[in-house]
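Values below: all heavy atoms of this structure, side chains included; hydrogens, waters and symmetry mates excluded. Order of the sequence lines fixes the chain letters, A, B, ..., with proteins taken first and strands second; residue numbering starts at 1 for each chain.
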2 protein chains.
Amino acid sequence: MAQPMYHQIADELRGRIEAGELAPGAQLPTELELREKYEASRNTIRDAIKRLTSLGLVETRPGQGTFVVQRIDPFVTTLTGELEAGRAPGESAAYLTEVSDEHRTAKVSAPRVEVQVPSAEIVGRLRVEPTTQVVSRHQERYLDGIPWSLQTSYYPMEFVTTGGALDLLKAEDMKDGVVGYLEEKMGLEQVGYRDWVTARTPDLNEQNFFKIQHDATVFEVFRTGFDQHGTPMRVTVTVFPADRNQFIINVGKVPPPEYNVEA
Amino acid sequence: MAQPMYHQIADELRGRIEAGELAPGAQLPTELELREKYEASRNTIRDAIKRLTSLGLVETRPGQGTFVVQRIDPFVTTLTGELEAGRAPGESAAYLTEVSDEHRTAKVSAPRVEVQVPSAEIVGRLRVEPTTQVVSRHQERYLDGIPWSLQTSYYPMEFVTTGGALDLLKAEDMKDGVVGYLEEKMGLEQVGYRDWVTARTPDLNEQNFFKIQHDATVFEVFRTGFDQHGTPMRVTVTVFPADRNQFIINVGKVPPPEYNVEA
DNA sequence: GCAAATTTGTTCGTATGTATT
DNA sequence: CAATACATACGAACAAATTTG
């Protein structure tokens with residue numbers, strides 16, 4: 001037994017999926033059928049299918065069966081070039097839409113605004129004292145009705161208390177963007193930002209919102225915006241499920257993309 | 001039974017790991033011990049541990065036991081700002097070392113050079129005819145002896161045949177970088193590049209090289225370099241295991257990082 | 001709307017194989 | 001070689017979700 005049986009079964013099914021014989025959305029044979037076909041026990045069949053689910057190739061639905069996953073046409077976010085707008089990653093939906101696909105419709109939830117004591121992660125990036133409070137603005141983003149990203153921005157509380165940027169506490173979407181508002185209100189200009197991209201597994205909230213498995217992967221992008229004094233003025237944390245998101249970074253002189261390179 | 005037993009067991013173990021009670025490298029109780037502790041069958045215990053493995057929290061070693069994973073101090077690659085050097089992501093080890101940690105020692109294998117018919121992925125990005133050949137230069141990269149990335153660069157075959165850049169076929173590391181060589185030899189200047197970042201599961205070769213599970217995650221970065229005419233001059237594909245790699249993108253005026261923000 | 005049939009999910013028990021100490 | 005610990009594989013029973021009649 002060079003390869004265990006459940007590996008072999010999984011590999012054959014994977015081959016049939018990648019060859020297109022089992023198209024996206026198609027139902028795999030039931031456990032009982034596979035059991036007869038491969039003359040294996042039910043547990044062995046289930047081990048094989050578990051391998052495919054862990055690769056994100058299939059999904060099982062209790063009471064229904066196992067199905068080849070429908071791959072979502074990936075959403076492509078350009079992390080560079082949003083400086084003028086001073087937006088968080090994925091915020092300028094118009095531009096992004098152009099990059100990835102034509103007819104996507106973006107939807108954003110009303111922000112959930114909170115005043116809170118920041119986590120160590122935010123303290124380090126926003127460079128505030130651990131005891132001070134910060135304003136957090138959280139939004140859920142959809143594209144074509146599909147959950148696309150979860151985003152939370154953090155601002156120093158002084159922006160409200162001594163800076164007079166009272167609208168930061170308003171639970172309303174800011175049409176011209178928060179950065180424009182802060183410039184108008186406080187003379188703060190975002191002259192640059194640093195994105196920090198990591199990957200991890202989703203927490204429970206993210207699993208539920210994105211409808212992804214506990215062992216799926218999400219990108220976590222920390223964007224720290226800097227003002228004209230080189231001081232961090234806000235930190236935005238955006239979480240993207242990796243199965244439907246990609247990123248572009250343009251540096252120097254780069255021609256516009258002529259077409260989507262995906263096969 | 002709100003939650004199945006193997007979820008509860010996994011959650012409790014996860015809690016003990018995240019609380020530091022089970023430190024990185026520490027051995028978990030054996031299956032037999034856990035079986036007695038939770039009064040569950042061996043299969044149930046194994047299901048619980050499988051959940052932790054799929055989260056990348058623990059790893060099991062046959063004949064030894066189950067151990068909390070040793071998290072590698074992440075390697076941080078800056079995707080912007082390498083324009084002058086015209087390097088592929090992670091190539092300018094000196095700079096990267098500065099960003100992430102102090103005393104890392106980079107090592108690169110000698111390139112494996114091939115002349116081949118490009119895949120559709122490369123054809124689209126390098127904008128060559130599907131029938132023409134390309135030069136590929138493949139390298140394995142290590143940091144502190146740990147496999148860090150796999151990188152393959154593709155160049156149009158004309159660079160050799162009509163451009164006279166014969167050294168492209170030499171299986172030697174180019175000290176001053178390929179981009180510098182092409183500028184000197186052919187007057188080709190890389191004036192910009194586009195990085196395309198995606199995530200996927202590793203293929204067999206990558207599993208073996210990085211010593212990662214079949215359901216782990218790797219970043220795949222496609223870098224397309226453009227010359228002064230706006231024509232793609234090379235495509236570099238770099239694969240990074242997500243458990244030990246992060247990325248930074250700087251846009252606009254950004255102060256140097258004062259310290260590593262990780263807690 | 002309900003009952004039956006189908007399908008996957010959870011849990012147990014048992015046996016044997018393989019890797020490491 | 002023996003003991004220990006995980007890996008594979010089988011069989012069985014009941015539960016939960018969904019579809020079908």
message: With a 4.0 Å cutoff (strictly under), does any side-chain N or O of A/T30 reach OP1 or OP2 of C/dT6?
response: no

Min side-chain heavy-atom separation B/Q151-B/R141 under 4.5 Å: yes

field: Euclidean distance, atom CG of residue A/D47 to atom P of D/dT8 [Å, nearest integer]
entry: 8 Å

task: Please report, rounded to the nearest Å, how far the P atom of D/dA5 is from the CD atom of B/E33.
output: 7 Å

query: Are B/F222 and B/Y154 close enough that their ring centres sit under 6.0 Å apart?
result: no

field: Rounded distance in Å - CD (A/Q3) to P (D/dA7)
entry: 15 Å

- prompt: In whole Å, what is the span from the CE atom of A/M5 to the P atom of C/dA15?
  reply: 19 Å

- request: Kindly say if A/T60 contacts the phosphate of C/dG9, meaning a side-chain N or O under 4.0 Å from OP1 or OP2.
  value: yes

Phosphate OP1/OP2 of C/dC12: any B/T44 side-chain N/O under 4.0 Å: yes

task: Answer yes when B/E121 and B/R125 have at least one side-chain N-carboxylate O distance shorter than 4.0 Å, and no when they do not.
output: yes

message: On DNA chain D, does the nearest nucleotide to A/A40 precede the nearest nucleotide to A/R61 from the 5' side, or the other way round? Give the residue.
response: A/A40

- prompt: Between C/dG9 and A/R46, is there an OP1 or OP2 to side-chain N/O distance shorter than 4.0 Å?
  reply: yes

message: Output the rounded distance in Å from CD (A/Q64) to P (C/dT7).
response: 12 Å

- prompt: Whole-Å distance between C/dA19 P and B/E59 CD?
  reply: 17 Å

task: Check whether the ring centres of A/F75 and A/F247 lie less than 6.0 Å apart, and answer yes or no.
output: no

- request: Round to a whole Å and report the spacing from CD1 of A/I45 to C1' of D/dG11.
  value: 14 Å

query: Do B/Q246 and A/E220 have side-chain heavy atoms sitting under 4.5 Å apart?
result: no

task: Let me know the distance between CZ of A/R42 and C1' of D/dC14, rounded to the nearest Å.
output: 11 Å

- prompt: Does A/Y6 have a side-chain nitrogen or oxygen under 4.0 Å from the phosphate oxygens OP1 or OP2 of D/dA9?
  reply: no

